[in-house]
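Worksheet: one structure, shown below.
Hydrogens, waters and symmetry mates play no part in the numbers below; they use all other heavy atoms, side chains included.
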Amino acid sequence: MTISVIKDILLVGTGSFFGGATRYTISLLMKNLNKNFPWPTITANLLGCFLIGTLWGYFSRNLSESSNWALILTVGFCGGFTTFSTFSKEALIMLQSGNICNLAAYITISITAGMALTAFGYYMMQ
C-alpha cells in the first residue's frame, strides 16, 4: 500500500467515525418516538441521501470527486451516517412480525424519498 492509499483510508475512516457518531446521536434524540416504526434509521437515511446528493453535486462542479474533502464527507461521513444494514434488519423484523403495512411504507419511503432527495441535492448544486 502506498502512502496515498493509507492517507485516503484514514480520511474515509475519520469521516466514517463522525458519520456513525452522528447517526447514533439521532437515535438517542429520537428514542421516545413510536417504537413500531424505525424513525431514527429512516431519518438518518433520508438526511444522508440529501447530503450525499448535495455533496456529489458540489464536488462534481467545484472540486474533484476524489479530493480529500469528497472522501471524508461522501465515502466517510455519509457512508458511516446512513444505515442500509440497519434498514435491512428492521425491515426483516417487520416482515417476521407480520407488520406488513409499516414494512411497505418503510421500504417505499426509504427508496423513493431517498432517491428523490439524492437527486434534489445533486441538481440543487448544479
Side-chain angles (χ1 to χ4, degrees):
M1 253 190 253
T2 67
I3 296 294
S4 176
V5 171
I6 293 170
K7 176 196 69 128
D8 289 350
I9 290 169
L10 291 172
L11 290 172
V12 169
T14 299
S16 230
F17 166 79
F18 286 105
T22 303
R23 181 184 71 239
Y24 181 67
T25 301
I26 286 174
S27 70
L28 292 175
L29 294 172
M30 299 179 80
K31 69 181 176 185
N32 293 324
L33 292 179
N34 182 347
K35 302 283 189 219
N36 293 322
F37 196 81
W39 290 109
T41 302
I42 202 166
T43 299
N45 285 343
L46 294 179
L47 284 172
C49 286
F50 176 71
L51 182 60
I52 202 165
T54 302
L55 292 167
W56 178 31
Y58 176 81
F59 290 128
S60 67
R61 190 181 76 199
N62 296 305
L63 298 171
S64 166
E65 291 180 45
S66 63
S67 72
N68 291 345
W69 282 110
L71 286 174
I72 290 171
L73 295 174
T74 59
V75 179
F77 184 86
C78 290
F81 181 63
T82 58
T83 55
F84 190 76
S85 58
T86 303
F87 162 81
S88 298
K89 181 190 100 188
E90 290 168 345
L92 182 59
I93 289 168
M94 283 186 240
L95 179 64
Q96 290 171 335
S97 68
N99 197 348
I100 303 303
C101 289
N102 275 349
L103 172 64
Y106 189 41
I107 291 171
T108 301
I109 292 167
S110 294
I111 293 172
T112 57
M115 288 178 65
L117 286 167
T118 301
F120 177 67
Y122 177 79
Y123 290 115
M124 185 179 74
M125 297 308 292
Q126 292 298 302

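Heavy-atom contacts from other residues, nucleotides or ligands closer than 6.0 Å to NZ of K31 number 12 or fewer. More than 12 heavy atoms of other residues, nucleotides or ligands sit less than 6.0 Å from atom CZ of F37. Surrounding NZ of K7 are more than 12 heavy atoms belonging to other residues, nucleotides or ligands, all under 6.0 Å away.
If you chain together hydrophobic residues whose side chains sit under 4.5 Å apart, L29 and L46 never meet in one group. Under the 4.5 Å side-chain heavy-atom criterion for ILVMFWY residues, no single connected hydrophobic cluster contains both M115 and I52.
In plain terms, the two heavy atoms of G48 and C78 that are nearest each other are O-SG, 4.2 Å. Annotation for R23 and F81: closest pair CD-O, 3.2 Å, computed over non-hydrogen atoms.
Residue M1 is found in a hydrophobic cluster whose other members, listed by chain and number, are V5, I6, I9, L10; membership requires side-chain heavy atoms under 4.5 Å apart, directly or through intermediates.
Inter-residue side-chain proximity for V75 and D8 is flagged as unmet; no heavy-atom pair is nearer than 4.5 Å. The shortest side-chain heavy-atom distance between F77 and L55 does not fall under the 4.5 Å cut-off.
The line from OG of S110 to CZ of F84 is 9.0 Å long, rounded to the nearest 0.5 Å. In this structure, OG1 in T43 is found 7.5 Å from CG in L33, a value given to the nearest 0.5 Å. For the atom pair I42 CD1 and T83 OG1, the distance stands at 9.5 Å (nearest 0.5 Å). Annotation: the span from T74 atom OG1 to Y58 atom OH amounts to 13.0 Å, rounded to 0.5 Å. To the nearest 0.5 Å, the span separating CG on L51 from OG1 on T82 amounts to 9.5 Å. Between atom OG1 of residue T14 and atom CG of residue L71 there is a gap of 11.0 Å, rounded to the nearest 0.5 Å.
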Taking distance alone, no hydrogens or angles, what donor-acceptor pairs closer than 3.5 Å link side-chain atoms of residues 91-100 to residues at least two apart or in another chain?
residue	atom	partner	partner atom	Å
S97	OG	I93	O	3.1
S97	OG	M94	O	3.1

Check residues 119-126 and write down every donor-acceptor pair under 3.5 Å in which the side-chain atom is one partner and the other belongs to a residue at least two apart or another chain.
residue	atom	partner	partner atom	Å
Q126	NE2	G57	O	3.2
Q126	NE2	S60	OG	3.4

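Between the side chain of S27 and the main chain of Y24, a donor-acceptor pair closer than 3.5 Å is present.
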